[in-house]
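Below is one structure, written out as structure tokens; the observations come after it.
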2 protein chains.
Amino acid sequence: MVRVVDPLVRRLRNLGLDSEEELRAILPLLKFKGRINRGEDIVQAGSSPHYSTVLLEGAACRYKITENGRRQIFTFRYSGDLCDFSRYMLPESDEAIAALSECTVAIVRHEDLQRAAALYPNLSFALWRDAMLEASIFRERLVNIGQRPALPRIANLICEQMIRLEAAGLDASTIPLTQVDLADAAALSTVHMNRTIQDLRELGVLAKSTRGIEVVHRDRLFEIAKFDGRYLNLPQHTMKWMAFLGTQGHPLLAA
Amino acid sequence: MVRVVDPLVRRLRNLGLDSEEELRAILPLLKFKGRINRGEDIVQAGSSPHYSTVLLEGAACRYKITENGRRQIFTFRYSGDLCDFSRYMLPESDEAIAALSECTVAIVRHEDLQRAAALYPNLSFALWRDAMLEASIFRERLVNIGQRPALPRIANLICEQMIRLEAAGLDASTIPLTQVDLADAAALSTVHMNRTIQDLRELGVLAKSTRGIEVVHRDRLFEIAKFDGRYLNLPQHTMKWMAFLGTQGHPLLAA
DNA sequence: CGCATCATTGAAGCCCTTCAAGACTTGTGG
DNA sequence: CCACAAGTCTTGAAGGGCTTCAATGATGCG
């Protein structure tokens, strides 16, 4: 039986919350919020709610509209991802999250989170780690946009989405994003995005498909991108890192 | 009497560590490390030391060398800034920090930090906050590089440096960075950086000066940049935020 | 005084953008 | 079930912002 919270459970496990006890204590704090259509905001810029949001199903993005009306997408979010938990620490955050497909979302009230964090320090720690991971993605995006021409830039972006979808246990053969979405994330015009995607198709990497990027030659894509996914800190790295904490001990891990 | 740790104290206060008791407990953990010349690394990529570094005096940058040999600068660091405290949480971080002027640095051993963090939860909290602040700068840099043409892009970059230098109590009339440094941070060629700086001089905003960017018309610079510094979360914003925590309570603040 | 770093200038050209229009797909209401 | 609208994808043409290459002028330091 597949439950709607499974991707979230998987995500929390990847963040170091692996005990059944912790998960049983945390999951009931989730309150189902509803479904949201593509194009609508899941979290609005400037709002300061007393809760944070979890994306149970669907694809979304963290973005900002610039002063000249353009949209810069910082990161994508998929099933199981935390949307705006930085708001738990920094309530006046300017972050906005938009749905890129039909999304199912749930919320956690900050006061519940706070109580749980006091009981389970691993939780505070997982949230912190999640925030650091996002910062790592920001840095990679900076390198991508600042230094790489369109072809490797787009290839890198697609590689990241594949790896993250796979790590979340989702289908990664077709990335659920439009060319417009990718263009706003890569800081390229949609016209040039379209032409470069056609180049990737001629290279045998992508297939023609409407609504979504279909990858047909994964290895060649990674080769073009020269993709180095270490910045994503996947579970195998997490192991090393948990081992380190085990030897060192950590105030946030102490009961 | 001006001490070499004054900028650091100021920085810690801005991060919410305002009690004398906490500061008296934390400062002795600092061990003087030495002076480092421009061009040398303060923190090397890939290293996993058991300590973190503080920049007591000088200017530095967090950067990465890309696969094609270019340097992307993520953020600048000034007197009093924490260099690599993310290493405390994520030891395998790939961050590298280079000195951009002659720098004085000190270190804190992680085991000392850990003991202090257990006694003073405000410390954990300040470090977390510092990391979130850096992530906020990354996002702004993404908007800057992804969406703005050279002139406002460079203007924005300079504005940020002025504000941060002022917030640290340092002289902000001349930004202690070369055109090469700025170019690597703005993801522009040095040639184009030079030409755009000349444009800013013709606009009466900058003065001709070797080694350093001299700002002579601050207001006009901010106007050109349309600078909105809220992302820097300056002390006045911190106040609001501390007040929020006061009303809400927070597990990391509980003893 | 010579060397290294930094700043400057000119010329050529390409990557990418903008504008504009058309084809295709999807969803919705009559 | 069709028609229309909205969103997505595609294509062509023109142009400009920025890069690269290459060389020269400044500045400062040992």
Side-chain angles (χ1 to χ4, degrees), chain A residues 35 37-40 59 61 66 68-73 98-102 144-155 157 174-202 206-214, chain B residues 35 37-40 59 61 66 68-73 98-102 144-155 157 174-202 206-214:
Chain A
R35 319 208 89 213
N37 291 320
R38 169 167 172 89
E40 290 171 20
C61 68
T66 63
N68 48 36
R70 307 164 75 117
R71 177 177 69 159
Q72 176 66 54
I73 291 180
L100 298 178
S101 69
E102 194 183 18
N144 206 29
I145 291 179
Q147 306 295 347
R148 294 198 259 256
L151 192 80
R153 189 189 303 187
I154 293 167
L157 205 48
T174 297
I175 286 122
L177 304 172
T178 68
Q179 294 182 12
V180 178
D181 299 332
L182 278 181
D184 287 348
L188 291 168
S189 68
T190 61
V191 172
H192 201 63
M193 172 60 67
N194 178 264
R195 288 183 173 130
T196 313
I197 281 184
Q198 289 179 52
D199 292 343
L200 284 168
R201 293 210 267 250
E202 273 163 30
L206 302 182
K208 177 146 180 153
S209 66
T210 52
R211 218 154 212 314
I213 309 295
E214 187 184 346
Chain B
R35 319 208 90 213
N37 291 321
R38 169 168 173 88
E40 290 172 20
C61 68
T66 64
N68 48 37
R70 307 162 74 115
R71 177 177 70 160
Q72 176 66 53
I73 291 180
L100 297 178
S101 70
E102 192 182 18
N144 206 29
I145 291 179
Q147 306 295 345
R148 293 197 261 257
L151 191 80
R153 189 189 305 186
I154 294 165
L157 206 47
T174 296
I175 285 119
L177 305 172
T178 68
Q179 295 183 9
V180 178
D181 299 332
L182 277 181
D184 287 348
L188 291 168
S189 69
T190 61
V191 173
H192 202 61
M193 172 61 66
N194 178 264
R195 289 184 172 129
T196 312
I197 282 183
Q198 289 179 51
D199 291 344
L200 283 168
R201 293 209 268 248
E202 274 163 29
L206 302 182
K208 177 145 182 155
S209 66
T210 52
R211 225 162 203 307
I213 309 295
E214 187 185 348

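Side chains included, hydrogens not; waters and symmetry mates left out as well; all remaining heavy atoms used. Naming: A, B, ... by sequence-line order, numbering from 1 per chain.
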Closest to the B/R211 side chain, choosing from C/dT9, D/dT20, C/dC6: C/dC6

Touch class at under 4.0 angstrom, heavy-atom based, for B/R153 against every strand present: nothing

Whole-Å distance separating the CG atom of B/N194 from the P atom of D/dC18: 14 Å

Touch class at under 4.0 angstrom, heavy-atom based, for A/R70 against every strand present: sugar-phosphate

First encountered from the 5' end of DNA chain C, between A/L151 and A/V191: A/L151

Nearest-Å distance for atom pair CD/C1', residues B/E214 and C/dA7: 16 Å

Steps toward side-chain contact (heavy atoms from CB on, under 4.5 Å) verdict (A/L182, A/R153): CA-CA 10 Å; A/L182 278 181; A/R153 189 189 303 187; over 6 Å; no

side-chain contact (heavy atoms from CB on, under 4.5 Å) between A/R71 and A/V180, worked out: CA-CA 10 Å; A/R71 177 177 69 159; A/V180 178; 4.3 Å; yes

For atom CE of B/M193 and atom P of C/dC6, their distance in whole Å: 14 Å

Under 4.0 angstrom between B/Q198 side-chain N/O and C/dT9 OP1 or OP2: yes

Exercise: do A/T196 and A/D199 side chains pair donor with acceptor under 3.5 Å: no

Rounded distance (Å) that lies between atom C1' of C/dT5 and atom CD of B/Q179: 12 Å

Under 3.5 Å donor-acceptor, B/R38 side chain and B/L100 backbone: yes

Sugar-phosphate only, base, or nothing, as touched by A/T178 at under 4.0 Å among non-hydrogen atoms: sugar-phosphate

Sugar-phosphate only, base, or nothing, as touched by A/L188 at under 4.0 Å among non-hydrogen atoms: sugar-phosphate

Touch class at under 4.0 angstrom, heavy-atom based, for B/T210 against every strand present: sugar-phosphate

Under 3.5 Å: donor-acceptor pair, side chain of A/Q72, backbone of A/D184: yes

Phosphate-side-chain proximity, B/R38 and C/dC6, N/O vs OP1/OP2 below 4.0 Å: yes

Any B/K208 side-chain nitrogen or oxygen under 4.0 Å from OP1 or OP2 of C/dT8: yes

Separation of D/dC21 C1' from B/H192 NE2 (nearest whole Å): 17 Å

Phosphate-side-chain proximity, A/R201 and D/dC9, N/O vs OP1/OP2 below 4.0 Å: no

Sugar-phosphate, base or nothing in reach of B/A186, heavy atoms under 4.0 Å: nothing

Touch class at under 4.0 angstrom, heavy-atom based, for B/R195 against every strand present: base

